[in-house]
K.L.:
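Let me give you the structure first, and then I'll get to my questions.
Here is how names work: the chains are called A, B, and so on, in the same order as the sequence lines, proteins then strands, and each is numbered from 1.
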2 protein chains.
Amino acid sequence: MVTAKPLSMETLTETLKILHDPTRLLLLKLLAEKEYCVCELVEMFDISQPAVSQHLRKYRQAGLVIEEKRGQWRYYRFDPSCSQNALVKNVLAQLDTQDEQLIQLRHKAEAITCS
Amino acid sequence: MVTAKPLSMETLTETLKILHDPTRLLLLKLLAEKEYCVCELVEMFDISQPAVSQHLRKYRQAGLVIEEKRGQWRYYRFDPSCSQNALVKNVLAQLDTQDEQLIQLRHKAEAITCS
DNA sequence: GCTTTATATAACAATCTGCTTATATACTGA
DNA sequence: TCAGTATATAAGCAGATTGTTATATAAAGC
């Protein structure tokens, strides 16, 4: 994989800080695959709605995700045009795509429709 | 860069947790370039000797560095055979090799000889 | 306008992190 | 064997992190 423009120490460490949380890393792996509505994520993860919202806020503030409001729902997805794209892609690529937790989460997602 | 065997969620998040600290990231970038003696690192960084020692311990426990005792000194270097090698290399590659802080640290190192 | 649903923010508690100082350990050379 | 140097570990503290519950905001539909 080709490395993009180097990141500043600050951007790099800030991004790593955001990625190091297990819940948040799973979240981003999913958001890099397809977009999800907040209410879907809340149902998929075993944490409260505010907790999900706060994780998403961190990603938003770091410029890693795109938020799109549609009706009363908000959809999030990874933003491949962010400056940290190469880093994030590399990090996510280290994870086993067939990781048990990931499979379970994707499976849970299938059973959910934001009403 | 070819991606190696995938890492477990735990190994990946533990490794990211270790890398996210600015001091520690600089430290590893240096240790990936060449080996350093602890006393050199203590002189180079503006933190106490125990602080350096504790950072190195984290890397040791994560299996990221090799420690070699020679006389009364201990030398550390990055271990390219560690399971996280691909991840670490990718992360370090995001950093500007000509980063001001890095240049200064390398420069400081030249002026030091562990007596 | 009121109620319901979706989401964000605020306030707070528990835990974790990274530093410091103090102390222990270990090697070296007189 | 003792003093000096190099390094590790322990204890403690301040600030950061991540969850919780409570509350605010905003859109949708009656």
Side-chain angles (χ1 to χ4, degrees), chain A residues 9-10 12-28 30-31 35-77 101 109 112-115, chain B residues 9-10 12-28 30-31 35-77 101 109 112-115:
Chain A
M9 263 297 295
E10 209 193 325
L12 181 50
T13 53
E14 283 302 310
T15 307
L16 292 172
K17 200 190 309 192
I18 295 187
L19 296 178
H20 93 254
D21 179 77
T23 302
R24 220 153 38 216
L25 191 61
L26 286 169
L27 201 50
L28 197 60
L30 293 170
L31 294 177
E35 76 172 11
Y36 284 88
C37 171
V38 177
C39 67
E40 292 178 282
L41 298 171
V42 169
E43 282 201 56
M44 290 158 66
F45 287 85
D46 278 339
I47 53 176
S48 65
Q49 173 268 316
V52 170
S53 196
Q54 282 156 22
H55 284 311
L56 291 170
R57 177 170 51 185
K58 293 206 176 186
Y59 278 138
R60 224 185 316 122
Q61 289 175 340
L64 289 176
V65 298
I66 294 169
E67 181 203 47
E68 201 174 310
K69 221 180 276 193
R70 294 211 289 276
Q72 102 198 90
W73 297 281
R74 295 197 194 190
Y75 293 83
Y76 281 86
R77 60 178 186 279
Q101 269 184 288
I112 300 168
T113 31
C114 23
S115 50
Chain B
M9 263 297 294
E10 209 195 325
L12 181 51
T13 53
E14 283 302 310
T15 308
L16 292 172
K17 201 191 308 192
I18 295 187
L19 295 178
H20 93 254
D21 178 76
T23 303
R24 221 155 35 218
L25 191 60
L26 285 169
L27 200 50
L28 196 61
L30 293 170
L31 295 178
E35 74 172 13
Y36 283 88
C37 170
V38 177
C39 66
E40 291 178 283
L41 298 171
V42 169
E43 282 201 57
M44 289 157 68
F45 287 85
D46 278 339
I47 51 177
S48 65
Q49 172 268 316
V52 170
S53 196
Q54 284 157 20
H55 284 312
L56 291 170
R57 177 170 52 185
K58 293 206 175 185
Y59 278 138
R60 226 186 314 123
Q61 289 175 339
L64 289 176
V65 297
I66 293 169
E67 181 203 47
E68 201 175 309
K69 222 180 273 193
R70 292 209 292 275
Q72 104 198 86
W73 297 282
R74 296 197 193 189
Y75 293 84
Y76 282 86
R77 60 179 186 279
Q101 269 184 288
I112 299 169
T113 29
C114 22
S115 52

K.L.:
Whole Å only: how far is the CZ atom of Arg60(A) from the P atom of dT7(C)?
P.N.:
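Computing the Arg60(A):CZ to dT7(C):P distance gives 12 Å.
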K.L.:
Applying side chain to side chain contact (heavy atoms under 4.5 Å, CB included), can you list everything that pairs with Ile66(B), at least two apart in sequence or on another chain?
P.N.:
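Ile66(B) satisfies side chain to side chain contact (heavy atoms under 4.5 Å, CB included) with Arg77(B), Asp79(B) only.
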K.L.:
Please, which pairs that meet side-chain hydrogen bond (donor to acceptor under 3.5 Å, both in side chains) have at least one residue in residues 39-51 of chain B, sequence neighbours excluded?
P.N.:
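The answer is none; no pair qualifies.
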K.L.:
Is any side-chain heavy atom of Asp21(A) closer than 4.5 Å to a side-chain heavy atom of Leu27(A)?
P.N.:
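A side-chain contact under 4.5 Å is absent here.
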K.L.:
Heavy atoms, side chains only, cut-off 4.5 Å: are Leu19(A) and Leu28(A) in contact?
P.N.:
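In short, these two side chains touch, coming nearer than 4.5 Å.
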K.L.:
Given atom NE2 of His55(A) and atom P of dT9(C), what is their separation to the nearest angstrom?
P.N.:
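Taking NE2 of His55(A) and P of dT9(C), I get 15 Å after rounding.
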K.L.:
For Ile18(B) and Ala62(B), work out which heavy atoms get closest and say how close.
P.N.:
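The pair with the smallest heavy-atom distance is CD1-CB, 3.3 Å.
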K.L.:
Could you check how far CG of Leu25(A) sits from C1' of dT18(D), rounded to whole Å?
P.N.:
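In whole Å, dT18(D) C1' and Leu25(A) CG are 16 Å from each other.
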K.L.:
Starting at atom CG of Leu26(B), determine the distance to atom C1' of dG18(C), rounded to an integer number of angstrom.
P.N.:
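One finds 15 Å between C1' of dG18(C) and CG of Leu26(B), rounded.
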K.L.:
Which pairs, with at least one residue in residues 52-62 of chain B and sequence neighbours excluded, count as a side-chain hydrogen bond (donor to acceptor under 3.5 Å, both in side chains)?
P.N.:
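side-chain hydrogen bond (donor to acceptor under 3.5 Å, both in side chains) check on residues 52-62 of chain B returns Arg24(B)-His55(B), Arg60(B)-Tyr76(B).
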K.L.:
Between the side-chain atoms of Glu67(A) and the base atoms of dT7(C), is any donor-acceptor pair under 3.5 Å?
P.N.:
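It does not, because no donor-acceptor pair links the side chain of Glu67(A) to the base of dT7(C) below 3.5 Å.
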K.L.:
Take atom CZ of Arg57(A) and atom P of dT18(D), then tell me their distance rounded to the nearest Å.
P.N.:
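About 12 Å, once rounded to whole Å.
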K.L.:
Quick one, give me the B/S/- string for nucleotides 24-30 of chain D, reading 5' to 3', where B means a protein heavy atom under 4.0 Å from the base and S means that only happens at the primed atoms, P, OP1 or OP2.
P.N.:
---SS--
K.L.:
Any heavy-atom pair between the side chains of Thr23(B) and Val52(B) that's under 4.5 Å?
P.N.:
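Heavy-atom side-chain distance check fails, nothing below 4.5 Å.
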K.L.:
Does any residue of residues 42-52 of chain B have a heavy atom under 4.0 Å from DNA chain D, and if so, which ones, in number order?
P.N.:
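Residues of residues 42-52 of chain B that come under 4.0 Å of DNA chain D are, in numerical order, Gln49(B), Pro50(B).
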K.L.:
Could you give the distance from CG (Leu56(B)) to CZ (Arg74(B)), rounded to the nearest 0.5 Å?
P.N.:
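Leu56(B) CG to Arg74(B) CZ: 10.5 Å, rounded to 0.5 Å.
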K.L.:
What is the distance from atom CG of Leu31(B) to atom CG of Leu64(B), rounded to the nearest 0.5 Å?
P.N.:
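If we round to the nearest 0.5 Å, Leu31(B):CG and Leu64(B):CG are 10.0 Å apart.
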K.L.:
In whole angstroms, how far is the P atom of dA6(D) from the CD1 atom of Ile112(B)?
P.N.:
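Answer to the nearest Å: 12 Å.
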K.L.:
For Thr23(A) and dG19(D), is the shortest distance between a side-chain N/O and OP1 or OP2 below 4.0 Å?
P.N.:
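Checking dG19(D) against Thr23(A), a side-chain N or O does come within under 4.0 Å of OP1 or OP2.
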K.L.:
Of the options dT7(C), dT9(C), dG19(D), whose atoms approach the side-chain atoms of Cys37(A) most closely?
P.N.:
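Closest nucleotide to the Cys37(A) side chain: dT7(C).
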K.L.:
In whole Å, I'd like the distance from the CH2 atom of Trp73(B) to the C1' atom of dA26(C).
P.N.:
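One finds 13 Å between C1' of dA26(C) and CH2 of Trp73(B), rounded.
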K.L.:
Find the distance between CD1 (Ile112(A)) and SG (Cys39(A)) and round it off to the nearest 0.5 Å.
P.N.:
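Answer rounded to 0.5 Å: 8.0 Å.
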K.L.:
Atom CD of Glu40(A) to atom C1' of dT7(C): distance rounded to whole Å?
P.N.:
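Rounded to whole Å, this separation is 14 Å.
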K.L.:
Output one line per pair: protein atom, nucleotide atom from nucleotides 13-17 of chain C, and distance, for all N/O pairs under 3.5 Å.
P.N.:
residue : atom : partner  : partner atom : Å
dT17(C) : OP1  : Lys17(B) : NZ           : 3.4

K.L.:
Atom CG of Leu41(B) and atom CG of Leu26(B): how far apart are they, to the nearest 0.5 Å?
P.N.:
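The CG atom of Leu41(B) sits 11.5 Å away from the CG atom of Leu26(B).
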